[in-house]
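Following: one structure in structure tokens, then a few remarks.
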Amino acid sequence: MSSVDGGDDVPWDDVGFVISSRYRVSVLDRLSEGPATPTQIATDSESAVAHVSRALQELRDRSLVELLVPEQRRKGRVYGITDDAENIWHVIQTQQMA
């Protein structure tokens, strides 16, 4: 499929939002491999937990990641990637934007 095919279906605003922050890119990259806690993501991406937490919140605000445990849980919060984010991550990878 060429980049022209289905180009109108690509949420370019979300793609631009993700790739404008290396932390959002690293969070999606890690979550594309499977659910993880902020600490696991920070360790795997060699980033500070504070940066990862902010990126998670920003991605969550756009429904690109979801909390997989009850909201009131403070420790062991596990996050996963949404279907929309999987599609966006696929575009970012295939277009070599990250």
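FYI, the numbering just counts along the sequence from 1. Only this structure's heavy atoms are used, side chains among them; waters, hydrogens and symmetry mates stay out.
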(request) Validate the cation-pi geometry between Arg24 and Phe17: distance from NZ or CZ to the six-membered ring centre under 6.0 Å, angle to the ring axis within 45°. (result)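 Yes, Arg24 sits over the ring of Phe17.
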(request) Please answer whether the main-chain N or O of Val52 pairs with a side-chain N or O of Ser47 as donor and acceptor at a distance below 3.5 Å. (result) no
(message) Once rounded to the nearest 0.5 Å, what's the spacing between atom NE2 of His51 and atom CD1 of Ile41?
(response) 14.5 Å
(request) Answer yes or no: is there a side-chain heavy-atom contact under 4.5 Å between Asp13 and Arg62? (result)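 In short, these two side chains touch, coming nearer than 4.5 Å.
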What is the minimum heavy-atom distance between [X] and [Y], and which atoms define it?
X: Gln40; Y: Thr37; result: OE1-N, 2.8 Å
X: Val15; Y: Met97; result: CG1-SD, 3.7 Å
X: Glu71; Y: Arg77; result: O-NH1, 2.8 Å

For residues 83-93, which side-chain donor-acceptor pairs fall under 3.5 Å, sequence neighbours excluded?
{"unit_1": "Asn87", "atom_1": "ND2", "unit_2": "Asp83", "atom_2": "O", "d": "3.4"}
{"unit_1": "Trp89", "atom_1": "NE1", "unit_2": "Gln93", "atom_2": "OE1", "d": "3.3"}

(request) Decide whether Val69 and Ile81 are clustered together by the hydrophobic rule: side chain heavy atoms of Ile, Leu, Val, Met, Phe, Trp, Tyr closer than 4.5 Å, transitively. (result) yes
(request) Verify the cluster assignment for Leu59 and Trp12: are they in a single hydrophobic cluster under the rule of side-chain heavy atoms below 4.5 Å apart? (result)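 Same cluster.
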(message) Can you confirm whether Glu46 is buried at CD, in the sense that more than 12 heavy atoms of other residues, nucleotides or ligands lie under 6.0 Å from that atom?
(response)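 No - once you tally the heavy atoms of other residues, nucleotides and ligands closer than 6.0 Å, there are 12 at most.
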(request) Apply side chain to side chain contact (heavy atoms under 4.5 Å, CB included) to Gln96 and list each qualifying residue two or more places apart in sequence or on a separate chain. (result) none
Going by atom type alone, with no hydrogens or angles, which donor-acceptor pairs under 3.5 Å involve a side-chain atom of residues 26-35 and a protein atom two or more places apart or on another chain?
{"unit_1": "Ser26", "atom_1": "OG", "unit_2": "Arg22", "atom_2": "O", "d": "3.3"}
{"unit_1": "Ser26", "atom_1": "OG", "unit_2": "Tyr23", "atom_2": "O", "d": "3.0"}
{"unit_1": "Arg30", "atom_1": "NE", "unit_2": "Asp44", "atom_2": "OD2", "d": "2.6"}
{"unit_1": "Arg30", "atom_1": "NH1", "unit_2": "Gly34", "atom_2": "O", "d": "3.0"}
{"unit_1": "Ser32", "atom_1": "OG", "unit_2": "Asp29", "atom_2": "O", "d": "2.6"}

